[in-house]
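All values reported here derive from a predicted model rather than from experimental measurement. Per chain, numbering begins at 1; letters A, B, ... match sequence-line order.
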Amino acid sequence: MTKADLIERVYLKTGFSKKESAEIVEMVFDLMKDTLEEGEKIKIAGFGNFVVKGKASRRGRNPQTGEEIEISSRKILTFKPSQVLKGAINGES
Amino acid sequence: MTKSELIERLSYNAGELNKKEAEVVVNTIFDSIGNALVNGDRVEIRGFGSFTVREREAREARNPKSGEVVSIPAKKTPFFKTGKELRARVNNGTV
């Protein structure tokens, strides 16, 4: 499934034109990206939470050369699925 | 930001979209992604990321209270891989 399929579902469900549906779906993901970029988490009940976490810098190794390198601290996005979604995927109702 | 805040912001930003319509859109998006995963499909949203289902193998574990060995059956778990664009944006624009 791709964004085009999501747009199609929104189009069928709402009666907006395809062009409008595409714009609205794009807007939803843009809003989410803007929010996460600010470091704010997103909680979608029944689906899961998107959380930005800070990772400390650490020593790593180039696996090809064995050379020690410094891996800088960074921020990463994690997704924690809700119990509801996990249950549904495992066939529990 | 919660789902209802996302709905409010969408309704506000989209202008002609009332709250009820914004709610239908947001619910349709997450229900569709969830249903696709239940069906074992992969969902790819360009610029955002992709959702897949990963299989976890059955394993033996211990009840930390009683010390009793329990077997945990194989199960599936949803997995999200952040897209390149979003990964960079979250990390202050650097890769």
Kindly determine whether B:Lys3 and A:Phe47 satisfy side-chain contact (heavy atoms from CB on, under 4.5 Å), including the steps that lead there. CA-CA 10 Å; B:Lys3 189 166 84 172; A:Phe47 187 80; over 6 Å; no
Is there a path of hydrophobic side-chain contacts, each under 4.5 Å between heavy atoms of I/L/V/M/F/W/Y residues, joining [Y] to [X]?
X	Y	result
A:Met1	A:Tyr11	no
A:Val51	A:Met32	no
B:Val24	B:Ile33	no

At a heavy-atom separation under 4.5 Å, does [X] approach chain A through its side chain, its backbone, both, or neither?
X	result
B:Arg9	both
B:Glu16	neither
B:Ala36	side chain
B:Ile7	neither
B:Ser32	both

Counting only heavy atoms not in B:Glu57, do more than 12 sit closer than 6.0 Å to its CD atom?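 Open: at most 12 neighbouring heavy atoms sit under 6.0 Å from CD of B:Glu57.
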Flag if over 12 foreign heavy atoms under 6.0 Å of CZ, A:Arg59: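 More than 12 within 6.0 Å, yes.
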Please give me the minimum heavy-atom distance between [X] and [Y], naming the atom from each residue.
X	Y	result
A:Lys75	B:Asn91	N-OD1, 2.9 Å
B:Val53	A:Ile89	CG1-CG2, 4.0 Å
A:Lys86	B:Pro78	CG-CD, 3.8 Å
B:Leu86	A:Leu36	CD2-CD1, 4.1 Å
B:Gly47	A:Lys33	O-CD, 3.5 Å

Can you tell which of A:Thr2, A:Ile42, A:Ile44, A:Val84 has the highest number of heavy-atom pairs within less than 4.5 Å of chain B?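 Ranked by heavy-atom pairs under 4.5 Å with chain B, first place is A:Ile44.
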Tell me, side chain or backbone of [X] under 4.5 Å from chain B's heavy atoms, or both, or neither?
X	value
A:Lys41	backbone
A:Val28	both
A:Ile24	both
A:Glu37	both
A:Thr14	side chain

If you count heavy-atom pairs under 4.5 Å with chain A, which of B:Thr82, B:Val26, B:Val90, B:Val25 comes out on top?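 Between B:Thr82, B:Val26, B:Val90, B:Val25, the count favours B:Val90.
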Highest number of heavy-atom pairs under 4.5 Å with chain A: which of B:Thr77, B:Asp41, B:Asn13?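 If we count pairs closer than 4.5 Å to chain A, B:Asn13 comes out on top.
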Could you check if a side-chain atom of [X] sits within less than 4.5 angstrom of a side-chain atom of [Y], using non-hydrogen atoms only?
X	Y	value
B:Leu6	A:Thr35	no
A:Lys3	B:Phe48	no
A:Asp34	B:Arg89	yes
A:Val25	B:Ile29	yes

Can you tell me how far the [atom1] atom of [X] sits from the [atom2] atom of [Y], to the nearest 0.5 Å?
X	Y	atom1	atom2	result
B:Thr28	A:Glu8	OG1	CD	12.5 Å
B:Glu5	A:Leu31	CD	CG	12.0 Å
A:Lys13	B:Asp31	NZ	CG	7.0 Å

